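Within every chain, numbering begins at 1; the chains are lettered A, B, ... in the order of the sequence lines, protein sequences first and strands thereafter. Bear in mind that the values here come from a model prediction, so they are computed numbers and not experimental data.
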Number of protein chains: 2
Amino acid sequence: MAETVRPTFLNLPEDKQARIIEAALSEFADKGYQQASLNVIVAHSGIAKGSLYQYFTDKAGIFLYVFDFAIAVVRRLLVQVKDSTLEEDFFTRLERSLLAGLAFIRQHPKIYGIYLKILFDQQVPQRQELLQRVRQYAADYLHSLLRQGLARGELRPDLPVASTVFLLDALLDRFLQAASIPAFDVVLGLDQANAQVLHTRARELLEVLRRGLAAPPPPANL
Amino acid sequence: MAETVRPTFLNLPEDKQARIIEAALSEFADKGYQQASLNVIVAHSGIAKGSLYQYFTDKAGIFLYVFDFAIAVVRRLLVQVKDSTLEEDFFTRLERSLLAGLAFIRQHPKIYGIYLKILFDQQVPQRQELLQRVRQYAADYLHSLLRQGLARGELRPDLPVASTVFLLDALLDRFLQAASIPAFDVVLGLDQANAQVLHTRARELLEVLRRGLAAPPPPANL
DNA sequence: CCATGATATGACCAACTGGTCACATGGAGG
DNA sequence: CCTCCATGTGACCAGTTGGTCATATCATGG
């Protein structure tokens with residue numbers, strides 16, 4: 001793991017660091033890795049191109065530094081939501097997590113933008129490692145919720161744990177994508193829904209998940 | 001809707017057309033829209049750069065033509081799977097659809113690659129329209145399966161239809177992504193699973209969906 | 001053999017890319 | 001005032017991009 005950020009950058013006044021991180025975050029979130037332009041980052045943060053190379057080793061170095069910064073912000077949120085809902089039942093916790101995710105995306109759209117790029121942009125440096133890191137967070141989080149739900153008897157005790165985590169992850173991730181990416185969701189129209197509607201839809205989805213799709217078995221004395 | 005392909009291209013011998021489409025498909029699937037290089041396409045299809053502009057108006061024109069080509073292939077598959085499983089019950093049909101999707105991706109990885117690019121590459125021309133078209137196919141397909149399942153009494157009659165379609169779509173799409181994109185799925189390890197394991201996992205997931213997550217209510221005479 | 005119109009070609013263009021480097025600036029210590 | 005070292009700078013580089021165009025090739029029909 002070679003160093004990507006130079007000490008010079010860390011010596012900079014905080015507001016200057018912030019300006020550069022912000023500019024890089026914007027550009028990478030907007031265009032993805034390869035398509036992002038260092039000239040744009042430099043222009044937006046008001047520094048010279050040469051300075052960028054006093055701060056970081058190369059383009060990949062900038063990206064990786066900004067990615068680490070973004071991940072730290074996300075991790076803080078996950079811990080917070082998890083702790084603040086400890087007493088709730090499983091489905092309420094899921095619902096709260098989903099709504100917290102929505103709020104986070106509205107507050108930090110650029111960080112979410114970077115996540116989406118990493119997901120599918122083949123050319124991101126160390127993509128596989130970054131992707132795995134971020135996916136593992138989500139899985140661990142859901143796993144933990146699920147274990148507690150099982151321990152409390154709120155869930156079918158014979159649930160296959162891994163498959164259930166997979167299912168939950170799929171649903172939650174897709175819900176956030178549907179609410180954020182225009183024209184992505186043609187079924188519920190989440191991309192144009194207000195907070196009220198989103199809340200209702202989230203509840204409804206979780207309720208389907210809770211009860212299952214199958215028709216109830218006919219009464220025994222048919 | 002301006003013309004994107006010139007008549008000259010359609011006059012070409014079929015094998016030459018095929019070579020060009022194949023080269024373009026590969027390059028776009030690999031690199032996405034902006035990052036794809038016309039020079040590479042030209043080199044791989046063995047024609048001169050100038051010729052490309054005798055066949056298509058511009059880069060976007062090539063992309064849109066190739067996209068239409070790809071969509072036609074997918075649509076053929078959907079119709080086929082739908083028809084060949086008409087007599088099966090709802091969950092079997094879902095399972096068959098999922099496995100058909102897997103087989104399709106293995107057979108046409110480039111077409112699936114283009115789909116993934118469109119999903120998240122902001123810079124694809126007419127992205128919103130293309131995205132909506134492809135998402136609508138999936139939704140209609142699932143909607144149709146669901147309606148038949150309801151009509152046959154295989155599903156809870158009080159299921160919220162739209163939300164259920166959303167949920168199914170999320171799960172199926174994610175399953176295919178997990179099986180195709182390395183490091184994407186850290187829960188079930190689908191990216192390295194063989195056909196046998198994939199089949200088992202698909203069954204298990206659908207079973208969770210069928211039965212739901214909730215613990216069964218306690219017997220009435222508690 | 002020529003004329004005509006469609007098709008093929010690749011050198012060329014301006015624009016932009018990530019990255020470099022010789023040099024300017026600034027502030028602290030002697 | 002000079003030295004020294006960290007920091008700042010933007011002109012510059014080679015490489016690549018999407019796109020153009022003057023010219024060459026080819027087939028057809030007279």
Exercise. Considering residues at least two apart in sequence or located in another chain, which fulfil the side chain to side chain contact (heavy atoms under 4.5 Å, CB included) criterion with A:Leu77?
Worked result: A:Val81, A:Phe104
Between the protein and nucleotides 13-18 of chain D, which nitrogen or oxygen pairs come in under 3.5 angstrom?
residue, atom, partner, partner atom, Å
D:dT17, OP1, B:Ser37, OG, 3.0
D:dT17, OP2, B:Asn39, ND2, 2.9
D:dG18, OP1, B:Ala36, O, 2.7
D:dG18, OP1, B:Lys59, NZ, 2.7
D:dG18, OP2, B:Leu38, N, 2.9
D:dG18, N7, B:Lys49, NZ, 3.4

For this session: Name all pairs fulfilling the salt bridge (Lys or Arg N to Asp or Glu O under 4.0 Å) condition that reach into residues 39-62 of chain B, sequence neighbours left out, sorted by first residue then second.
Result: none
Problem set entry | Partner set under ring pair (Phe, Tyr, Trp, His ring centres under 6.0 Å) for A:Phe63, not counting sequence neighbours | A:Phe28, A:Tyr33
Seminar exercise, completed: Separation of C:dG18 atom P from A:Phe63 atom CZ, nearest Å, is 14 Å
Can you tabulate the close N/O pairs, meaning under 3.5 Å, that link protein atoms to atoms of nucleotides 23-27 of chain D?
none

For this session: Output every pair passing side chain to side chain donor-acceptor pair (under 3.5 Å) with a member in residues 22-31 of chain B, not counting sequence neighbours, ordered by first then second residue.
Result: B:Glu22-B:Lys110, B:Ser26-B:Lys110, B:Glu27-B:Lys31
Problem set entry | For B:Phe9, ring pair (Phe, Tyr, Trp, His ring centres under 6.0 Å) partners two or more places apart | B:Tyr55, B:Phe56, B:Tyr65
For this session: Apply side chain to side chain contact (heavy atoms under 4.5 Å, CB included) to B:Gln192 and list each qualifying residue two or more places apart in sequence or on a separate chain.
Result: none
Could you go over nucleotides 3-7 of chain C and give all protein N or O partners under 3.5 Å, atom names and distances?
residue, atom, partner, partner atom, Å
C:dT7, OP1, B:Asn11, ND2, 3.3
C:dT7, OP2, B:Thr8, OG1, 3.0

Problem set entry | Residues that A:Arg106 engages under salt bridge (Lys or Arg N to Asp or Glu O under 4.0 Å), provided they are two or more places apart | none
Seminar exercise, completed: The answer to which of A:Ala60 and B:Ile47 contacts DNA chain C further toward the 5' end, by nearest nucleotide, is B:Ile47
Exercise. Are any of the side-chain nitrogens in A:Arg201 or A:Asp185 under 4.0 Å away from the carboxylate oxygens of its partner?
Worked result: no
Problem set entry | Residues which pass salt bridge (Lys or Arg N to Asp or Glu O under 4.0 Å) with A:Arg6, listed by chain and number, not counting sequence neighbours | none
Exercise. In whole Å, what is the span from the CD1 atom of A:Ile41 to the P atom of C:dG18?
Worked result: 8 Å
For this session: Take the protein atom CZ of B:Phe56 and the nucleotide atom P of D:dT20, then report the distance between them rounded to whole Å.
Result: 16 Å
Exercise. What residues form a side chain to side chain contact (heavy atoms under 4.5 Å, CB included) with A:Leu142, not counting sequence neighbours?
Worked result: A:Leu94, A:Val165, A:Leu168, A:Asp169, A:Leu172
